[in-house]
Amino acid sequence: GITSIGADVFCNTVYFYMSMNLYKVDFPSTLTTIGKEAFEGWEELKAINIPDSVTKIGNGAFSDCTSLDESTIEKIKAINPDAF
């Protein structure tokens, strides 16, 4: 039952710096919050599935995800500026 992904948790520019590839993320239906810059910098990320349980996406959560071409954003109540 993960409910929150914190700030900078999977930020490629901070921790991983191209040490692995991330192409798709399917979030659990229990998730409510994605923190700021949580997935920043994953240039090869192509697909995300954000369930309707998510009520907040932090600033820059998916910034610099330049290959993101498919996303499912159902009923998000708060998307901060520059989330994508």
From [atom1] ([X]) to [atom2] ([Y]), nearest 0.5 Å:
X	Y	atom1	atom2	result
L31	T3	CG	OG1	7.5 Å
N49	D26	CG	CG	5.0 Å
E44	L68	CD	CG	11.5 Å
L45	K24	CG	NZ	11.0 Å

Residues two or more places apart in sequence or in another chain: which of them pass side-chain contact (heavy atoms from CB on, under 4.5 Å) with T30?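 Result, side-chain contact (heavy atoms from CB on, under 4.5 Å) vs T30: P28.
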Not counting sequence neighbours, which residues clear side-chain contact (heavy atoms from CB on, under 4.5 Å) with S63? List them please.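 Testing S63 for side-chain contact (heavy atoms from CB on, under 4.5 Å), a comparison that skips the adjacent residues, returns E40.
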Please give me the minimum heavy-atom distance between C65 and F39, naming the atom from each residue.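 That closest heavy-atom pairing would be SG-O, 3.3 Å.
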Grab the two heavy atoms, one from S53 and one from S29, that are nearest each other, plus how far apart they are.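 So the two residues come closest at OG-O, 2.8 Å.
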Option passing side chain to side chain contact (heavy atoms under 4.5 Å, CB included) with F27 (candidates I50, V54, I2):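 Filter result, single survivor: I50.
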For a 4.5 angstrom cut-off between non-hydrogen side-chain atoms, does D8 reach K36?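 Yes, their side chains come closer than 4.5 Å.
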Look only at the side chain of T32 and the backbone of T55, and say whether a donor-acceptor pair between them is shorter than 3.5 Å.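 It does not hold such a pair.
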Is there a chain of hydrophobic side chains (I, L, V, M, F, W, Y, each step under 4.5 Å between heavy atoms) that links Y23 to F10?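 No, Y23 and F10 fall in different hydrophobic clusters.
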